[in-house]
Amino acid sequence: MSSDLEQEKCVRLITLWMLYATDVSNRPYQPVMANSRLLIEEFAPHKEKVWTQIVERMASIYAQMDSLNAEIQALSPRWRLERMAVIDRNLLRLGTSELLSGLNPPLVTINACVELAKTYGDKTTPAFVNGLLDQFCKNHGISIT
C-alpha cells in the first residue's frame, strides 16, 4: 500500500477518534485535539503532515456541522441523530464531509467508512453507513462509479 494511502487512512482514523471524543465529552473540538495530539505519535508515519491534515479536516467538519447534521437527519428520518450510536453519527459526519469535499473518489470514501464501521461499530453499522452514504451521493448527484 502506498504511503499516501496509509497516510489518508491514518488521517481518517484519527479524525474519527477526535470526532468521537469531542462528541462524548461534549467539549469544543480544539481542546480535545490538543489533549489528543500524542495519538499521532503512535499511528502516523509523517506526524506533522498528518496532524496538519487532521486539524484541517476537523475544522472543515465543525464549520459545516449544522448542515452535515441536517443532511444526516434527512437521510435517516426515522432515527434521530441524537439517538444514533455515537460511532455511527460520527462516521456519517466524516463520510458526508469527505464526499462533499471531493478529497477522495466517492467509492474510496464510502468503502473506508464501511471498513471503519466494521471495526468500531456494531454488526448493523456497516450496512447503515453504506446505505446512508450511498443515498447521500444519489441526493447530491455524486457518481460512485
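All heavy atoms count here, side chains included; hydrogens, waters and symmetry mates do not. Nothing fancy with the numbering, it's 1 onward along the sequence.
- Using a 4.5 Å heavy-atom threshold, the side chains of Lys138 and Asp134 count as touching.
- A salt bridge links Arg57 with Glu98; the closest basic N to acidic carboxylate O contact falls under 4.0 Å.
- Here the side chains of Leu94 and Leu116 are in contact, with some heavy-atom distance below 4.5 Å.
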* Could you give me the CA-CA distance, side-chain angles and deciding distance for Trp51 and Met33, then say whether side chain to side chain contact (heavy atoms under 4.5 Å, CB included) is met? => CA-CA 10 Å; Trp51 183 251; Met33 289 186 67; 3.8 Å; yes
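- Between the side chains of Gln64 and Ser60, at least one donor-acceptor pair of N or O atoms lies under 3.5 Å.
- Contacts classified as ring pair (Phe, Tyr, Trp, His ring centres under 6.0 Å) and involving residues 82-104 (residues at least two apart or in different chains) are not found.
- Between Ser97 and Ile61, the closest heavy-atom pair is OG-CG1, 3.4 Å.
- Shown are Gln53, Met18, Gln30; of these, the side chain to side chain contact (heavy atoms under 4.5 Å, CB included) with Met58 is made only by Met18.
- In this structure, Leu13 is not a member of the same hydrophobic cluster as Val108, with clusters built from ILVMFWY side-chain heavy atoms closer than 4.5 Å.
- For the atom pair OH of Tyr29 and OG1 of Thr22, the computed distance is 9.5 Å after rounding to the nearest 0.5 Å.
- Taking CD of Glu56 as the start and CG of Leu103 as the end, the distance is 9.5 Å to the nearest 0.5 Å.
- With rounding to the nearest 0.5 Å, the separation of SG in Cys137 from CG in Leu132 is 11.0 Å.
- Within the 4.5 Å cutoff, no side-chain heavy atoms of Arg89 are placed close to those of Leu19.
- With a 4.5 Å cut-off on side-chain heavy atoms, Leu133 and Leu91 do not count as touching.
- Among residues two or more places apart in sequence or in another chain, the side chain to side chain donor-acceptor pair (under 3.5 Å) test is passed with Asn90 by Asp23, Arg93.
- Counting only heavy atoms from C-beta outward, the side chains of Thr124 and Asp88 never approach each other to under 4.5 Å.
- For the residue pair Asn104 and Thr109, no side-chain donor N or O sits within less than 3.5 Å of a side-chain acceptor on the partner.
- Judged purely by atom type and a 3.5 angstrom limit, Thr125 uses its side chain to pair as donor or acceptor with the backbone of Asp122.
- Between Ala21 and Val32 the shortest heavy-atom distance is CB-CG1, 3.7 Å.
- With sequence neighbours excluded, no residue forms a salt bridge (Lys or Arg N to Asp or Glu O under 4.0 Å) with Arg78.
- Here the CZ atom belonging to Arg83 is positioned 10.0 Å from the OG atom belonging to Ser76, to the nearest 0.5 angstrom.
- No salt bridge links Lys9 with Glu115; every basic N to acidic carboxylate O contact stays at or beyond 4.0 Å.
- If you chain together hydrophobic residues whose side chains sit under 4.5 Å apart, Leu107 and Leu100 never meet in one group.
- For the pair Phe128/Leu92, a side-chain contact is recorded, criterion being any heavy-atom separation below 4.5 Å from C-beta on.
- Linking Ile, Leu, Val, Met, Phe, Trp and Tyr residues whenever their side-chain heavy atoms come within less than 4.5 Å places Ile87 and Val24 in a single cluster.
- Here the CD1-NZ distance, from Ile54 to Lys49, works out to 13.0 Å after rounding to the nearest 0.5 Å.
- No more than 12 heavy atoms of other residues, nucleotides or ligands lie within 6.0 Å of OH in Tyr20, so this atom counts as exposed by the packing criterion.
- Between the side chains of Thr96 and Glu71, not a single donor N or O lies within less than 3.5 Å of an accepting N or O.
- Across every non-hydrogen atom of Pro106 and Ser143, the tightest pair is CG-O, 3.4 Å.
- Remark: Asn69 CG to Leu81 CG distance equals 4.5 Å, nearest 0.5 Å.
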